[in-house]
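A short worksheet on the structure shown next.
What you see below is based on every heavy atom in this structure, not just the backbone, and it leaves out hydrogens, waters and symmetry mates. Computed from a predicted model, the values in this text were never measured in an experiment. Below, chain A is the first sequence line, B the second, and so on; all start at residue 1.
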Amino acid sequence: MLAFVLRRIVQSAAVMAVVALIAFALFNFTGDPVASMVGPEATLEERARLRTELGLDRPFWIQFGHFVGNAAQGEFGRSLRQGRKVSALLKERLPATLELSLVAAMLALVVGIPLGVYTALRRNTWLSQLLLAGSLIGVSLPTFLIGILLILVFAVILGWLPSFGRGDTVALGWWTTGLLTASGLKALILPAITLSLFQMTLIMRLVRAEMLEVLRTDYIKFARARGLSDRTIHFGHALKNTLVPVITITGLQLGAIIAFAIITETVFQWPGMGLLFIQAVNFADIPVMAAYLCFIALVFVTLNLIVDLLYYAVDPRLRIERAAAH
Amino acid sequence: MPEAAASAVSDTPAVAGPLREFWQSYAQNRGAIIGVTLVLLLIALALGADFVAPHPPNEQYREFTLTPPMWDEGGSSRFVLGTDPVGRDMLSRLIHGTRLSLVIGFISVAISLVIGVTLGLVAGYFRGLTETVIMRLMDVMLALPSLLLAIAVVAILGPGLANAMYAIAIVLLPHYVRLTRAAVIAEAGKEYVASSKIAGAGTWRLMFNTILPNCTAPLIVQATLGFSSAILDAAALGFLGLGAQPPTPEWGSMLASALEFIQRAPWVVTYPGLAILVTVLAFNLMGDGLRDALDPKLKR
């Protein structure tokens, strides 16, 4: 157990190191910071002095170490475009992205699991065929297009829901929430559906495949032989055993949802971190880009780690397999 | 090296018997037939874009801005699918966009395939430290959400179509490396490899001529599916303003610039969207069909 945990932590640290290197590379690949800070009339001595002050004359690894040290404390400097501290900017945008992502993940689970169960149990009905065909189309549609189509139908043609923004928000300490106001909830619907659709099809297909697999096993046959009702067999025995992989995948996909929120936020002008990041990319606002990349990678790596450890704790079979493998 | 990989892919189905057998099993899947037909149509459209498109893609007919499609009120048969906000013919731009999307898909998959197969082959053949280094690196790449990785690469290289293709190639890379490595490890222990080795075949010959041709089936499937994800990612990058830049008729960037006109002129949004859907769906259907036909083990 300890070896497994340690190995996973080392792997996570490696991922973070690579991301930090990418983020650090951003600063070096996009021109000379000194040139953009001083005027064209600055003398060579002035440039050299600024270079020493900023620590740019030190070896690459020292600079990188310095960057990592600062990043670990959440310190990424100031936004080039807005002049504010990057950590404050991200903190301000975090609630919008997290609310959107969590609601989308819940939606994907709440709709995806029943659809998956239905398509597995009633395999040959026209509704199942339709749902499966629909899920293939759902996978083939880019997220931003789904968002645009939803805007077209529900905001432009029907006029039921707002097409952009987050509505009114309520401040709870530093956290701002849109979940407590009517306009905030209305504004959340379209982006949440857009973001969840891909995950929904994924979960539906996964639940369906797992259910079909489990329904073929011996203990289901045995349960039938015991005369249990279909309901008990399907939901008490079969579904329960499909949920472990489903929860794992959802946990892993949560990181992907937060990352993919970039597109949804762009379509709906949702004031989250993704929109901040895309604007930063377009304006070459490097501190913001670097901070966002590191932050998302941290979220992703942490989620992966937690899911792996939970999986290990929840599923005793895995422990035995691992023990046998080593 | 790339030549060896490419010829290995094209040589395999060239034999008459297996080809017919393959086609019979492929043709059982109705979706796969639709997929391959659509793909062939799209390729024809892309090759003949200059002849098929009624107008040059970037020609602006200033007096005809936002003309509706011909079957809508106010549309004309001169612009079958209408025009965009600066008066360019939608149909012509979509046709040229087909060429662009297929080229993006082809180049990114090709780069990724050549590098990925080589790395996978090296990892699976030599094992040991080489393998550990390559596979750990791929694990790290897989550990990040694909889109985020692509955006990060574009952010470093700078926005643009070529850089978007490199980014997509990098994102696709780990899949080919892992597939190749797994297939190579499975093949390397078989008797025909041992006999070829005893017969005096060199390392390179063993790797590329003996083992690689027997690992192609999963790679063909993955490459077909890679096409659709490349097209999707390129459209997403274009939409975010990080891929093809205007006035290039790329579907994603067309959609981004059309978004503000959605209320007045929905056709500037729906047709590029439809184009992406049809193309990606075609490659997905073809990929699923190929998987069922080439790799019975993976059949659901």
Could you go through A:Ile262 and B:Leu240, starting from their C-alpha distance and side-chain angles, then the distance that decides it, and tell me whether this counts as side chain to side chain contact (heavy atoms under 4.5 Å, CB included)? CA-CA 9 Å; A:Ile262 295 174; B:Leu240 294 174; 4.2 Å; yes
Residue part contacting chain A, namely of [X], when any heavy atom lies under 4.5 Å:
X: B:Ser229; answer: neither
X: B:Leu157; answer: neither
X: B:Leu242; answer: side chain
X: B:Leu285; answer: side chain
X: B:Thr279; answer: neither

In terms of heavy-atom proximity below 4.5 Å to chain B, should [X] be classed as side chain, backbone, both, or neither?
X: A:Ile137; answer: both
X: A:Val15; answer: both
X: A:Val301; answer: neither
X: A:Ile278; answer: side chain

Counting heavy-atom pairs under 4.5 Å with chain B, the top scorer among A:Leu152, A:Asn304, A:Thr266 is A:Leu152
For the candidates A:Ile148, A:Leu149, A:Val18, which exhibits the highest count of non-hydrogen atom pairs separated by less than 4.5 Å from chain B? A:Ile148
Which residue out of [options] racks up the most heavy-atom pairs below 4.5 Å with chain A?
options: B:Leu255, B:Asp233, B:Val153, B:Leu137; answer: B:Leu255
options: B:Val154, B:Asp139, B:Ile151; answer: B:Ile151
options: B:Pro159, B:Ser146, B:Gly273; answer: B:Gly273

So which heavy atom on B:Leu147 is nearest to which on A:Ile263, and how close?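 So the minimum-distance heavy-atom pair works out to CD2-CD1, 3.5 Å.
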Within a 6.0 Å radius of atom [atom1] on [X], are there more than 12 heavy atoms belonging to other residues, nucleotides or ligands?
X: B:Arg178; atom1: CZ; result: no
X: A:Glu213; atom1: CD; result: no
X: B:Tyr166; atom1: OH; result: no

Could you give me the CA-CA distance, side-chain angles and deciding distance for B:Phe239 and A:Val267, then say whether side chain to side chain contact (heavy atoms under 4.5 Å, CB included) is met? CA-CA 9 Å; B:Phe239 177 76; A:Val267 175; 3.5 Å; yes
Taking the side chain as everything from C-beta on, heavy atoms only, tell me whether A:Tyr292 gets closer than 4.5 Å to B:Leu148. yes
Is the closest side-chain heavy-atom distance between B:Trp251 and A:Leu145 below 4.5 Å? no
